[in-house]
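Provided herewith is a single structure, encoded as structure tokens, for subsequent inquiry.
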Amino acid sequence: MKRIASLLLIIAAISISASGALKGKVIYVNPGHGGWTANDRPIATINHEVMDTLGFFETKTNLWKGLELRRRLEKAGARVVMSRTRNGYVTAGQKNATALDRPETYCDENGQQQLTTLQTIAMNVDSVNPDYFISLHSNATGGDDGKLCNYLVLVYRGETGNDYAKGSIARAEQAYPIIWDNPLTVWTSSSPEKPFITGDLTWMGATPPGNPNALGYKGYLGVLKHRVPCFLAEGSFHSYQPERQRLLNRDYCRFEALRFYHAINAWFGGKPDKEGHIVGTVKSATEHFEHPLYKYVKDSDDQWLPINGAMVYLVNRDGVKVRGYHTDGEYNGFFSFYDVKPGKYTVMVEKPGYESITMPVVVKGNEITCVKPRMNKK
Ligand SMILES: [Zn+2]
């Protein structure tokens, strides 16, 4: 009897320590889109023509976010299921398919099935029945590229104020301020105080309760038609051109994934990260940037020329350069130092033709420190 009691105590202790953490949780990540077709949101950027796979394709940026989110979740002990792990998969028979596309019935080299049709994904989610589901996207203003419009939208299945999968609104409300917290972008509306969280039917102006899918779930967005409480995130607007230039940088997409990770980890009451992170943008202190594909919000940070090819160093207290980042050539000036030990550092920026700068930064565990060095011409 005594032995049984102590066994029970041990079991109770284990379940207490495991409850609330990410360990053992199943998270389903759906990077939106999938193919290299005209329907996968290709748009011209400063250096790339439309349909250039090195340029902007929402297919690609959604996958970058998804893979990084998976990496962080798995590191924290979660089991992650992804609808796809590759770009270039389309529905069999897709009339816009390019030579880079393959039908979704193919697997990747690890045997992972690639799912891209919304109904297949929804049915898969319903059968996996994960603890958390998220669909990753960015947004666009219809047919009006370059509009000065950039905000965060979280969409759940149902009508605004009435989530058809109960618990969806609670998840979106918890995540919103964490995902919104990006001082490197220029939000044109929405804030943690006025979050843009909406039911898909209300958002699309459709009549509730919407059409049922094969499983009988009603709503608007095909990918949300399953039993799991969840939301789809339009992380920012890629039709806001300076934001599109930032999204071309994979580490900028990782920054969004990091915020999703923080939100999901906090939702399950997981341990905060021991390490912290630095993100930033290097821009000119005096030069404006004018380009037909770079319409920016007046008087915002986006008015300043992003410095391509700047060298950014993270210097520790002993004066040792512990990390380095070379800003890309895509007119975003973005740099990042992820998973840095907490402490005091200096960020040092160099670029030929400009005066070098140093800025003190403090890294704190589980926090993202944001710096915006501005360079003066020599
Ligand atoms: Zn999308």
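Counting convention: from 1, in listed order, for ligands and their atoms alike. Excluded from the calculations below are hydrogen atoms, water molecules and symmetry mates; all remaining heavy atoms, backbone and side chain alike, are included. We're numbering straight along the sequence, starting at 1.
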Requested in this report: Measure from NZ or CZ of K194 to the centre of the six-membered ring of F196 and say whether it is under 6.0 Å with the direction within 45° of the ring axis.
Outcome: no
Query raised in the report: Less than 6.0 Å separating the ring centroids of F133 and H226?
Result: yes
Requested in this report: Please find the N/O/S atom of H33 nearest to the Zn ion (ligand 1) and write down its name.
Outcome: NE2
Query raised in the report: Do the non-hydrogen side-chain atoms of Y220 and W203 ever get within less than 4.5 Å of each other?
Result: no
Query - E58 N/O/S atom closer than 2.8 Å to the Zn ion (ligand 1) - result: yes
**Report entry** H137 atom (N/O/S) at minimal separation from the Zn ion (ligand 1)
**Finding:** ND1
**Report entry** Proximity of Y331 and F289 rings by center, below 6.0 Å
**Finding:** yes
